[in-house]
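Notes follow the structure.
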Amino acid sequence: MRLNKTKSYLLIISSLVLLSAFWIFNKDELLSAKVIKVNNGYGYEVLYKENVIIKQEYIPAISYKKVFVSEADAWKVATLVEYKLKQREKPIIAIKDLDSLDVNINK
């Protein structure tokens, strides 16, 4: 009788682990990033499913409002934010991130 209980518990636990993994991986696939056109430049959005969860019209981490001068720069930062969210990290961008991505922040 005890062996059947153990097997039942193992089956329940393994099922929960598989369901959790399925949910986590599918959740990541529901996140996406896209570049948007804003006045005189670019920004980005991060979406969960089809809902905008982050809309960034200016370069983050700098003390003044400046749009991205290129679509490529906006895309680099947008994909970093998306990556951080998928890694369960805070989607904070610092100056060092902009430097490492070689994002143009000149006025």
State the CD1-CD distance between Ile36 and Glu71, to the nearest 0.5 angstrom.
11.5 Å
Using the side-chain contact (heavy atoms from CB on, under 4.5 Å) rule, take Leu30 and Leu47 through it: C-alpha gap first, then chi angles, then the decisive distance, then the call.
CA-CA 8 Å; Leu30 299 175; Leu47 299 95; over 6 Å; no
Pairwise distance CD(Glu82) to CH2(Trp75) - rounded to 0.5 angstrom:
6.5 Å
side-chain contact (heavy atoms from CB on, under 4.5 Å) for Ile54 and Leu85? Distances and angles first, verdict last.
CA-CA 11 Å; Ile54 297 173; Leu85 288 169; 4.1 Å; yes
Measuring from Tyr58:OH to Asn39:CG, what's the distance to the nearest 0.5 Å?
7.5 Å
Could you go step by step and tell me if Leu31 and Lys86 meet the side-chain contact (heavy atoms from CB on, under 4.5 Å) rule?
CA-CA 8 Å; Leu31 280 171; Lys86 287 180 177 180; 3.7 Å; yes
Check Lys55 with Glu57, please: is the shortest side-chain N to carboxylate O separation under 4.0 Å?
yes
Smallest separation among heavy atoms of Ile95 and Ala61, with atom names:
CD1-O, 3.3 Å
Nearest heavy-atom neighbours spanning Gly41 and Val67
CA-CG2, 3.7 Å
Mind checking the CG-CG spacing from Asp102 to Asp73? Nearest 0.5 Å is all I need.
7.5 Å
CD/Glu45 to CD1/Ile53 distance, rounded to the nearest 0.5 angstrom?
11.0 Å
Separation of Asn104 CG from Ile59 CD1 (nearest 0.5 Å)
7.0 Å
A quick test of your reading: do over 12 heavy atoms of other residues, nucleotides or ligands sit less than 6.0 Å from CD of Glu50?
no
Please name the pair of heavy atoms, one in Phe68 and one in Gly43, separated by the smallest distance, quoted to 0.1 Å.
CD1-CA, 4.0 Å
Side-chain heavy-atom pair Pro60, Val77 within 4.5 angstrom cut-off
yes
For a 4.5 angstrom cut-off between non-hydrogen side-chain atoms, does Val46 reach Ser32?
no
Under 6.0 Å from the six-membered ring centre of Tyr42 and within 45° of its axis: does the NZ or CZ of Lys37 meet both?
yes
I'd like to know if Asp97 and Lys76 make a salt bridge, using a cut-off of under 4.0 Å between side-chain N and carboxylate O.
no
